[in-house]
Amino acid sequence: MPRPDMRAERIPQIIQAAMIVFARNGFVQTRMQDIAQEAGLSKATLYLYFASKEDLIVAILQAFFEHGFTELTALLSSDSSVSASLIVWTRQRMQEMRENVAFLSIGFEFYAVAARQKATRQVLQRYYHHYCTSIAALLQKGIEQGEFHSMDAQELAIAIVSIYEGLTVLWMLDPVGFDLVGVAERTVQALLASIAKSA
């Protein structure tokens, strides 16, 4: 009798365990044995699914990014104005960042790994391309519906993503220094107001 395929269960289990251990120990100090122990698996079983820590890093990146794009893509079919949709999404995204502060350090370590590892760098490049393109599509929808003045939607999308990323870095360094959600929301709102057509 063939053995059941456990991938659908095991891979999320391993990724979750890896995120916990990476957040606690950092990439460099983490051993595959630590991840296996956190996941409740043998090291041999872990290696059936991931050949290295680097493979796990790529898998974490992909899982994290796929989750974030689901809601953003759904905004394209929303009946709300693009401004209202982006402000709501900004609020939700920053609230998620604030609630998952323990895992933000993983995100920052991704950048360091990407500087040395081509596979991780390519995943990040694909992520930011998809991220900016998705927001640009929303902005283009706003232009076509007469909500915004004509402008380079891709360029403005890069600016909006930079707001999210930059504020998150600053907030991680000084979490009591400012209101992450409020500042992000008001900044994006001001930027969108600057391109809005008068009613």
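Ile57 CD1 to Met19 CE: the interatomic distance, rounded to the nearest 0.5 Å, is 12.5 Å. Atom CE of residue Met32 and atom CG of residue Leu56 lie 5.0 Å apart, to the nearest 0.5 angstrom. Rounding to the nearest 0.5 Å places CD1 of Ile20 at 13.0 Å from CG of Asp34. Between the CZ atom in Arg93 and the CE atom in Met97 there is a gap of 3.5 Å [rounded to 0.5 Å]. Within the model, atoms CG of Leu48 and OG of Ser42 stand 7.5 Å from one another, a figure rounded to the nearest 0.5 Å. The distance from the CD atom of Gln33 to the CG atom of Leu41 is 10.5 Å, given to the nearest 0.5 Å.
Using a 4.5 Å heavy-atom cutoff, the side chains of Leu191 and Leu156 are in contact. By the 4.5 Å heavy-atom criterion applied to side chains, Pro12 and Ile15 are not counted as neighbours. Side chains of Gln122 and Arg126 form a contact here, defined as non-hydrogen atoms less than 4.5 Å apart. Side chains of Arg98 and Asp179 form a contact here, defined as non-hydrogen atoms less than 4.5 Å apart.
There is a path of hydrophobic side-chain contacts, each under 4.5 Å, that joins Val161 to Trp89. Residues Val88 and Val183 do not share a hydrophobic cluster, clusters being chains of Ile/Leu/Val/Met/Phe/Trp/Tyr side chains in contact below 4.5 Å. Both Val21 and Phe27 are part of a single hydrophobic cluster, where members link through side-chain heavy atoms under 4.5 Å apart. Taking hydrophobic clusters as Ile, Leu, Val, Met, Phe, Trp and Tyr residues chained together by side-chain heavy-atom distances below 4.5 Å, Ile87 shares a cluster with Ile160. Transitive grouping of hydrophobic side chains (ILVMFWY, heavy atoms separated by less than 4.5 Å) keeps Val28 and Val113 in distinct clusters.
For the pair Tyr164 and Ile135, the tightest heavy-atom approach, listed with the atom from each and the gap, is CE1-CD1, 4.1 Å. Residue Ala136 comes nearest to Ala157 through the heavy atom pair N-CB, 3.6 Å, listed as atom of the first residue, atom of the second, then distance. The shortest heavy-atom contact between Ile143 and His149 is CG1-O, 3.7 Å. In terms of heavy-atom proximity, Ala84 sits nearest to Ser81 at N-OG, 3.0 Å. Nearest approach of Phe178 to Leu167, heavy atoms of both residues: CZ-O, 3.6 Å. Shown here for Ala153 and Gln140, the closest heavy-atom pair between the two residues is CB-OE1, 3.9 Å.
Within 6.0 Å of atom CD in Gln95, more than 12 heavy atoms from other residues, nucleotides or ligands are found, so the atom counts as buried in its surroundings.
Evaluated for a salt bridge (Lys or Arg N to Asp or Glu O under 4.0 Å) with Glu38, the options Arg31, Arg24, Lys43 yield exactly one hit, Arg24.
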Item checked: Phe148 and Leu192: CA distance, side-chain angles, deciding distance, side chain to side chain contact (heavy atoms under 4.5 Å, CB included) verdict -> CA-CA 8 Å; Phe148 301 137; Leu192 294 176; 4.1 Å; yes
Next item on the list: Would you please test Leu86 and Leu139 for side chain to side chain contact (heavy atoms under 4.5 Å, CB included) and show each step?
Entry: CA-CA 9 Å; Leu86 267 175; Leu139 295 170; 3.9 Å; yes
Item checked: Worked check of side chain to side chain contact (heavy atoms under 4.5 Å, CB included) between Ile60 and Phe22 -> CA-CA 11 Å; Ile60 290 170; Phe22 284 147; 3.7 Å; yes
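One side chain, Arg10 or Gln13, offers a donor N or O that lies under 3.5 Å from an acceptor on the other.
By the 4.0 Å N-to-carboxylate-O rule, Glu54 lies too far from Arg121 to be salt-bridged with it.
Between Tyr128 and Tyr111, the angle of the ring planes stays under 30°, which puts this pair in the parallel group of the 30/60° scheme.
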